[in-house]
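Report on the following structure.
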Amino acid sequence: MALLGKKPTRLIGVDISSTAVKLLELGKQDTRYKVLAYAVEPLPPNAVVEKSIANPEAVADTIRSALKRAQTKTKTAAVAVPGSAAISKTLILPADLSDEEMEAQIELQADQYIPYPLDEVNTDFQVIGPAATNPNEVEVLLVASRSENVEARLDCISSAGLTAKIVDVESYAMETAFELVAPTLPCPPDSTLALIDVGATMTTLTVLEEGRIVYTREQVFGGKQLTEEIMRRYGLSYEEAGRAKRQGGLPDNYEEEVLEPFKEAMGQQVSRSLQFFFGASQHNAVEHIVLCGGCASIPGITEIIAERTGTETSTANPFNDMAVASRIRPQMLAEDAPALMIACGLAMRSFD
């Protein structure tokens, strides 16, 4: 199974995160995308631990439930491994190589960049375009991941009755979906932008220049900390706390004593992530921050992050300019949109 994949038929994007399975299926009307089906289905606690699948049966069951909720008949899928489970390297190769020659050349070079035996990894490559320094050369993206990371996801997809045609990397799926968000931002396309995905357990900073990833960093922080604080403060189970967080009904002191401190902590984490980037690069600022992931929907969070970082901040919605199938509630899709960036990028692989 190739990591980046070749041109397939229509695909369901399947994002397996730490707390939920997110499915998305897209179609096209002329040049405009259309959301045909989607679902977000919570996973049982600890089915996925820090992006590693710990309970394959539970994950497969959750994918099945999500497929039923989405009411889709499509049986082919695209899935992604976490960025932390993939190794990426840009190689410079002669532009006149055939596909077979390029593959042989990459295999020869792969040993230098992959710290595992090559028979224990899945690799793939994609030509990005001409090399900036020499028109007779091309930049080629080499991506590798341990076979166990890939196979764990393929097994869950297969057990749920789907066939995985593409295995991508979460950060590249995010980059693909970002193409839909970029035109809505109040800054030029060649700006340096920070895409910050605050999920349940991990916060991922992805910095893009001219729409391409130049830096990524993960750190342990996410919405699970808010859920656990609700459990502790109000004596609820994990499931009850998660439901109350999403649907409301918590005591009057919740916002001031629990939610506001979490928002402040999230602002600090985003600021700290950016400081790591500035320390590792020639940059000392980004032109805009785009928030995504489940925590991006918290009311008032963009204002706090803009204040903490001194940078204009907005929430990702890749569906802004899309048509939506009649059975999908647009309000619900808009609420879930920031958490569906990876699923959206995977579903877009149908139209490569």
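Quantities reported herein were computed from a predicted structural model and do not represent experimental measurements.
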What's the separation between atom [atom1] in [X] and atom [atom2] in [Y], rounded to the nearest 0.5 Å?
{"X": "K22", "Y": "Y38", "atom1": "NZ", "atom2": "OH", "value": "12.0 Å"}
{"X": "L97", "Y": "M102", "atom1": "CG", "atom2": "CE", "value": "5.0 Å"}
{"X": "R243", "Y": "L250", "atom1": "CZ", "atom2": "CG", "value": "11.5 Å"}
{"X": "I114", "Y": "R146", "atom1": "CD1", "atom2": "CZ", "value": "11.5 Å"}
{"X": "D124", "Y": "D168", "atom1": "CG", "atom2": "CG", "value": "9.5 Å"}
{"X": "L118", "Y": "D111", "atom1": "CG", "atom2": "CG", "value": "4.5 Å"}

Do you know which two heavy atoms are closest between [X] and [Y], and how far apart they sit?
{"X": "A58", "Y": "A47", "result": "CB-CB, 4.1 Å"}
{"X": "A160", "Y": "I63", "result": "CB-CG2, 3.5 Å"}
{"X": "T313", "Y": "H288", "result": "C-NE2, 4.0 Å"}
{"X": "E139", "Y": "I92", "result": "CG-CD1, 3.6 Å"}
{"X": "F319", "Y": "L24", "result": "CE2-CD2, 3.7 Å"}
{"X": "I196", "Y": "I289", "result": "CD1-CG2, 4.0 Å"}

Checking [Y] against [X]: is there a side-chain donor and acceptor pair closer than 3.5 Å?
{"X": "Q219", "Y": "S273", "result": "yes"}
{"X": "T201", "Y": "S18", "result": "yes"}
{"X": "N122", "Y": "S147", "result": "yes"}
{"X": "K245", "Y": "T227", "result": "yes"}
{"X": "E264", "Y": "Q268", "result": "no"}

Salt-bridge contact E260-K263 (side-chain N to carboxylate O under 4.0 Å):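 Looking at K263 together with E260, the answer is yes, because their closest N to O distance falls below 4.0 Å.
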How would you list all residue pairs meeting side-chain hydrogen bond (donor to acceptor under 3.5 Å, both in side chains) that involve residues 61-72, not counting sequence neighbours?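 As it turns out, the side-chain hydrogen bond (donor to acceptor under 3.5 Å, both in side chains) pairs with a partner in residues 61-72, which skip direct neighbours, are E25-T72, E41-R69, D61-R64.
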So do [Y] and [X] actually touch side chain to side chain, heavy atoms under 4.5 Å?
{"X": "C292", "Y": "L195", "value": "yes"}
{"X": "Y215", "Y": "E209", "value": "no"}
{"X": "L141", "Y": "T90", "value": "yes"}
{"X": "N55", "Y": "N46", "value": "no"}
{"X": "L162", "Y": "L67", "value": "yes"}
{"X": "I128", "Y": "R212", "value": "yes"}

In the single-linkage hydrophobic clustering (I, L, V, M, F, W, Y; side-chain heavy atoms under 4.5 Å), do [X] and [Y] co-cluster?
{"X": "I213", "Y": "L291", "value": "no"}
{"X": "Y33", "Y": "V35", "value": "yes"}
{"X": "I328", "Y": "L26", "value": "yes"}
{"X": "M174", "Y": "L208", "value": "yes"}
{"X": "L185", "Y": "V214", "value": "no"}

Looking at residues at least two apart in the chain, or sitting in another chain, which of them share a side chain to side chain contact (heavy atoms under 4.5 Å, CB included) with P318?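 P318 satisfies side chain to side chain contact (heavy atoms under 4.5 Å, CB included) with L180, V181, A337, M341, C344 only.
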Criterion side-chain contact (heavy atoms from CB on, under 4.5 Å) on L274 and L205, from CA distance to verdict: CA-CA 8 Å; L274 287 171; L205 164 65; 4.2 Å; yes
Evaluate L346 against V14 for side-chain contact (heavy atoms from CB on, under 4.5 Å), listing each step before the verdict. CA-CA 7 Å; L346 292 170; V14 182; 5.6 Å; no
Heavy-atom count around [X] [atom1] within 6.0 Å, excluding the residue itself: above 12?
{"X": "Q275", "atom1": "CD", "result": "yes"}
{"X": "Q112", "atom1": "CD", "result": "yes"}
{"X": "R329", "atom1": "CZ", "result": "no"}
{"X": "D96", "atom1": "CG", "result": "yes"}
{"X": "N134", "atom1": "CG", "result": "yes"}
{"X": "R327", "atom1": "CZ", "result": "yes"}

Any donor-acceptor pair under 3.5 Å from [X] side chain to [Y] backbone:
{"X": "E120", "Y": "P117", "value": "no"}
{"X": "S350", "Y": "L11", "value": "yes"}
{"X": "S281", "Y": "F277", "value": "yes"}
{"X": "S297", "Y": "E335", "value": "yes"}
{"X": "R10", "Y": "G27", "value": "no"}

Are the ring centres of F262 and Y254 closer than 6.0 Å?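 Between F262 and Y254, the centre distance exceeds or equals 6.0 Å.
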Given L193, V290, T216, the one that forms side chain to side chain contact (heavy atoms under 4.5 Å, CB included) with T206: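 Exactly one option meets the side chain to side chain contact (heavy atoms under 4.5 Å, CB included) with T206, and it is T216.
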For side chain to side chain donor-acceptor pair (under 3.5 Å), just list the numbers for Q269 and T203, CA-CA rounded to whole Å, side-chain angles, deciding distance to a tenth of an Å, and then say yes or no. CA-CA 8 Å; Q269 289 291 333; T203 294; 5.7 Å; no
Filter on salt bridge (Lys or Arg N to Asp or Glu O under 4.0 Å), then keep only pairs touching residues 169-198, sequence neighbours left out; what's left?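 Salt bridge (Lys or Arg N to Asp or Glu O under 4.0 Å) check on residues 169-198 returns K51-E170.
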So K75 and T163, side-chain contact (heavy atoms from CB on, under 4.5 Å) or not? Walk me through it. CA-CA 6 Å; K75 294 295 182 188; T163 302; 5.7 Å; no
Go through the steps to decide whether Y234 and N253 satisfy the test side-chain contact (heavy atoms from CB on, under 4.5 Å), and finish with yes or no. CA-CA 11 Å; Y234 303 115; N253 67 352; 2.8 Å; yes
